[in-house]
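Below: one structure, written as structure tokens.
Start at 1 and go down the list; that is how both ligands and their atoms are numbered.
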Amino acid sequence: STAESNALRTPIVAVLGHVDHGKTTLLDTIRGSAVSEGEAGAITQHIGATAVPLETVSEMAGDLVDPTDFDLPGLLFIDTPGHHSFTTLRSRGGALADIAVVVVDVNDGFQPQTIEALEILQRTGTPFVVAANKIDTTPGWNPNDGRPIQETYEKQSQNARSRLDENLYEIIGDLSDEGFSADLYWRVQNFTKNVGVVPLSAITSEGIPDLLAVLMGLSQRYMKEQMAVDVTGPGAGTVLEVKDERGFGATVDVVLYDGSVRADDEIVVGGIDGPIVTEVRALLQPRPNAEIRVEKRFDKVDEVRAAAGIKIAAPELDDAMAGAPIRVVRDRDIEDVIEEVESELAEIQVSTEEEGVVVKADTLGSLEAMANALREAEVPILRAEVGDVAPRDVAVASTANEEKHRVILGFNVDVLSNAETELDESEVKLFEDDVIYQLVEGYENYVDEIER
Ligand code: GTP
Ligand code: MG
């Protein structure tokens, strides 16, 4: 009933995986739009959020999802870029995503970002399924558009079946090498103990009914308690992106995971120099099945309830940080809310030392992941910040005592043009990469060289 579905919030599903393995195409097919075609080079540059209502889910899933079996309102998918590690998008103390889909190209198999994604899911204890995508590229495959996997599998030639089987067992083997006991999803009894692999094609939609059924089942079965939050209370969310919008100035794209935001709410947002207190000027919601990144015509709404992707326009948001918490004040004491945001920011704060390297990253989550990787490699950090490489960073890096520390490690950030001049004129070295372990490895190789 409506009253019931209002009481449960939408589960948040992160879609992760290596570059080009088909994350955006999969979501396109599910939401029936064509975001991927409109992208520059068809690469997802930013994280986006899409709400898919239960009706759409059950339409696509056909016999596999009976909407009357569910009282969850649908699924909120977060698309992530594969060109760098999605890293930890956090919510209060945990992972922002309730569940995840790791997309793996059946022909390409496991790749660096597949492994990074799995490590993050393991660390955060996020349940996930593996979408073994692009089964339609199996030699000799005869597509049966939109059909469940077992039905289409049975209609394939012996040859096509065994080619696919081989690829699937390789993925199951690779999962096992990463410490996950996995099997084809219909053989999995307990999805919190074993990883289900769903063979599918984002292009022909074969197997997508299965994926949706597994995701709905997983959410309904294991996450119902987590979803039973007060979706009318003061909202809590995580900033995905800070963006300038014509007519609004700096805005934040937010995933609201708890409570609600209203158009007249006071909010506290994590910023580069601490919490920002401001007032909502406009709540801009993409239509259902639309994509927050490309949808130009937002609906101005009065209230949004969790879980949802929402763009918030408000003054003073220029220094808001991707990955930072956002809180609605409403009838609470503002000081308490500021403290809440402060303590959450402090939790993510990277501890720094007197001597070490300078680290810049695009989001708080990636900064945290960089710091973890550097700690493991026993590399001390002098300064760690979210944002592009600025002249100030060059100045700070040049104060390091040791040559090997006079470096800036930039993860998925730009270099401001005046910083480039400074870099040229100083002895500070800049390392950039969009895969964390490659960035750290590149730096370690450099250290080996100068210490030889
Ligand atoms: P990034 O955002 O760059 O990480 O990539 P992505 O994982 O979102 O991949 P995307 O959806 O952009 O797909 C990459 C390419 O693979 C595109 O050319 C898609 O058309 C193609 N592709 C995706 N899924 C399938 C599939 O199931 N079958 C076939 N044949 N091609 C696919
Ligand atoms: Mg993409």
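- In this structure, N167 contributes its side chain and L164 its backbone to no donor-acceptor pair below 3.5 Å.
- With a 4.0 Å cut-off on non-hydrogen atoms, D20 touches ligand 1 through its backbone as well as its side chain.
- Summarising the local packing, CG of D302 is surrounded by 12 or fewer heavy atoms from other residues, nucleotides or ligands at distances under 6.0 Å.
- For ligand 1, the polar-atom distance check against K23 finds a nitrogen or oxygen pair separated by under 3.5 Å.
- Considering backbone and side-chain atoms alike, A202 places an N or O below 3.5 Å from some N or O of ligand 1.
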**OP:** Determine, stepwise, if the pair Y446 / F431 fulfils ring pair (Phe, Tyr, Trp, His ring centres under 6.0 Å).
**Re:** CA-CA 10 Å; Y446 164 74; F431 292 82; 5.1 Å; yes
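- A cation-pi contact, defined as under 6.0 Å to the ring centre and within 45° of the axis, links R161 to Y153.
- In summary, T24 places an N/O/S atom under 2.8 Å from the Mg ion (ligand 2), meeting the contact criterion.
- Listed by number with element, the atoms of ligand 1 under 4.0 angstrom from any heavy atom of V19 are 3 (O), 4 (O).
- Partner of I208 under the side-chain contact (heavy atoms from CB on, under 4.5 Å) criterion, out of V198, D145, T29, L64: T29 alone.
- At a heavy-atom cutoff of 4.0 Å, ligand 1 is contacted by the backbone of H21 but not by its side chain.
- Some N or O of G22 is nearer than 3.5 Å to an N or O of ligand 1, by distance alone.
- Between E151 and K155, at least one side-chain N (NZ, or NE/NH1/NH2) sits under 4.0 Å from a carboxylate O, which counts as a salt bridge.
- Contacts with ligand 1 closer than 4.0 Å are made by heavy atoms of both the backbone and the side chain of I203.
- Below 4.0 Å from some heavy atom of T137 lie the following atoms of ligand 1, by number and element: 30 (N).
- Using modelled atom types, one side-chain atom of E206 and one backbone atom of N144 make a donor-acceptor pair closer than 3.5 Å.
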